[in-house]
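Presented below is the structure to which this report refers.
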Amino acid sequence: YILVNLFLFALNMLTDRGDLWFYWPLWPFVAWAIWRWRGSRREAPVAVPAVMLVPLALLALLDPVGTEDSLLPLVLPMTLLSALALPTIRRSVVSLIDWFSVMTFSVVGLVVWAYWIAFTTGFPPRMAEKAQEAVPGFEASVNFVELGMGLLATFAWFALVAWRISRQPRPFWRPMALSSGGMVLTWLLLMTLWLPAGNFRKSYRDLVSPIRPILATAPGCATGFGLDVAQRALLAYYGNAQFPRLPELAGDEPATSATSCHWLLVSDRE
């Protein structure tokens, strides 16, 4: 009963945070490897990645933010366990995973393309309105380099599907081919077609860039009050704010004094 409740709790947290897709297609193979090799749990190839996986999974589940920093360490032990599962999976299960991957990622790729076309051309109007609502104020334009990369990724996906279905390859890693390829396709389409819109919505460039001409009126360094490291980095990159340099350990060159700076940048957290 306790194990069932822990499993449901973990599944609920992973589903809410999208971590199931982050680990696709690793987690089905990890679950099968744990079940398939349960009788050899004391053997080093099974015990070592399992011992690594348990504490790292607990840390990821208890992380209140749920960033990728807590998820990436899990990839190594999950990959080791997946390698044990691949040679033992039945062909029917492999075919089921393949068809699920083909249908899922083909639909996802079609949706990404359809909304991008609607966003850039305005047709169909309903889809264009929904895309514009997601990125208010952004004016869509066609970047032919990004468009070419998106088309190349889509053609590569079709070629991978044709290779997998027609040739019936025998390598033991064949269950991972379509799933991994679908994830790569989705990532490439988002990082090419939708990258400008994503930068417009998530980037701080438009927020910080107006500071650059203001600082240019009186060149010199700027000191900060209440600024954290991230804010200093944004101001230095987008606003060209030159903060006082720390003294060199060797002492050959004196550091800039904060009292000689022309600007004081204050962060009001209230």
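For the numbers below, each heavy atom of this structure counts, side chains included, while hydrogens, waters and symmetry mates do not.
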Inset, instruction - Nearest 0.5 Å please: distance from the CG atom of Leu147 over to the CG atom of Leu152. - result: 11.0 Å
Inset, instruction - For Val135 and Ala197, work out which heavy atoms get closest and say how close. - result: CG1-O, 3.8 Å
Inset, instruction - Could you pull out all residues at least two apart from Arg38 that satisfy salt bridge (Lys or Arg N to Asp or Glu O under 4.0 Å)? - result: none
Inset, instruction - Assess whether side chain to side chain contact (heavy atoms under 4.5 Å, CB included) is satisfied between Cys221 and His262, documenting all intermediate values. - result: CA-CA 6 Å; Cys221 65; His262 296 272; 6.0 Å; no
Inset, instruction - Begin with the C-alpha distance, continue with both residues' side-chain angles, and end with the deciding distance and a verdict on side chain to side chain contact (heavy atoms under 4.5 Å, CB included) for Leu235 and Tyr204. - result: CA-CA 10 Å; Leu235 290 168; Tyr204 288 90; over 6 Å; no
Inset, instruction - With rounding to the nearest 0.5 Å, note down the distance linking CH2 in Trp263 to CG in Leu215. - result: 6.0 Å
Inset, instruction - Measure from the side-chain N and O atoms of Trp163 to the backbone N and O of Phe158, and report whether any donor-acceptor pair falls under 3.5 Å. - result: no
Inset, instruction - Decide whether a cation-pi geometry holds between Arg232 and Phe243; the criteria are a distance under 6.0 Å from NZ or CZ to the six-membered ring centre and an angle within 45° of the ring axis. - result: yes
Inset, instruction - Determine, using ring centers only, whether Trp194 and Tyr115 are less than 6.0 Å apart. - result: no
Legend entry - Tyr238 atom OH, over 12 foreign heavy atoms within 6.0 Å: yes
Legend entry - Thr104 OG1 to Met183 CE distance, which is reported to the nearest 0.5 Å: 11.0 Å
Inset, instruction - Check whether any side-chain heavy atom of Leu178 lies under 4.5 Å from a side-chain heavy atom of Phe105, and answer yes or no. - result: no
Legend entry - Which atom of Ser267 lies closest to which atom of Gly226, heavy atoms considered: CB-O, 3.2 Å
Legend entry - Neighbour count above 12 (heavy atom, 6.0 Å) for Met103 CE: no
Inset, instruction - Report yes if some heavy atom in the side chain of Pro77 is under 4.5 Å from a heavy atom in the side chain of Leu56; otherwise report no. - result: yes
Inset, instruction - Using modelled atom types only, decide if a donor and an acceptor are shared between the side chain of Glu146 and the backbone of Met149 within a distance under 3.5 Å. - result: no
Inset, instruction - Identify whether Val102 and Leu110 are in the same connected component of the hydrophobic contact network (ILVMFWY, side-chain heavy atoms under 4.5 Å). - result: no
Legend entry - Under 3.5 Å: donor-acceptor pair, side chain of Glu43, backbone of Ser40: no
Legend entry - Side-chain touch Phe100/Asp98, heavy atoms, less than 4.5 angstrom: no
Legend entry - Members sharing Val266's hydrophobic cluster (side chains within less than 4.5 Å): Phe225, Leu264
Legend entry - Note, Leu81 side chain near Phe29 side chain (heavy atom, < 4.5 Å): no
Inset, instruction - List the atom of Leu265, the atom of Ala241, and the distance in Å for their closest heavy-atom pair. - result: CD1-CB, 4.3 Å
Inset, instruction - Please check if the side chain of Thr120 supplies one atom and the backbone of Ile117 the other of a donor-acceptor pair under 3.5 Å. - result: yes
Inset, instruction - Say whether Trp157 and Ser106, considering side chains only, have a donor N or O and an acceptor N or O under 3.5 Å apart. - result: yes
Legend entry - Considering all heavy atoms, the nearest Gly239-Val208 contact: N-CG1, 3.9 Å
Legend entry - CZ on Phe119 to CE on Met127, rounded to 0.5 Å: 12.0 Å
Inset, instruction - Kindly say whether Leu84 contributes a backbone atom to a donor-acceptor pair with the side chain of Trp37 at under 3.5 angstrom? - result: yes
Inset, instruction - May I ask whether Val111 and Trp116 are part of the same hydrophobic cluster, defined by side-chain heavy atoms of I, L, V, M, F, W, Y residues being less than 4.5 angstrom apart, directly or through others? - result: yes
Inset, instruction - Please name the pair of heavy atoms, one in Ala85 and one in Trp32, separated by the smallest distance, quoted to 0.1 Å. - result: CB-CD1, 3.7 Å
Legend entry - Side-chain donor-acceptor pair present, Thr154, Trp113, cut-off under 3.5 Å: yes
Inset, instruction - Identify the two heavy atoms, one from Thr192 and one from Gly150, that lie closest to each other, and give their separation to 0.1 Å. - result: OG1-CA, 3.9 Å
Legend entry - Salt-bridge criterion met for Arg126 and Glu129 (N-O under 4.0 Å): yes
Legend entry - Donor-acceptor under 3.5 Å (Gln242 side chain, Cys261 main chain): no
Inset, instruction - Output the distance between atom CG (Leu185) and atom CG (Leu190), rounded to the nearest 0.5 Å. - result: 9.0 Å
Inset, instruction - Please answer: with hydrophobic residues joined when any side-chain heavy atoms are less than 4.5 Å apart, are Leu188 and Leu195 in the same cluster? - result: yes
Legend entry - Joint cluster assignment, Leu160 & Val112, ILVMFWY side-chain distance < 4.5 Å: yes
Inset, instruction - Establish whether Met78 and Val51 are linked, either directly or via other cluster members, by ILVMFWY side-chain heavy-atom contacts under 4.5 Å. - result: no
Inset, instruction - State the CD1-CZ distance between Ile89 and Arg36, to the nearest 0.5 angstrom. - result: 11.0 Å
Inset, instruction - Inspect the surroundings of CZ in Arg212 and state if more than 12 heavy atoms from other residues, nucleotides or ligands are less than 6.0 Å away. - result: yes
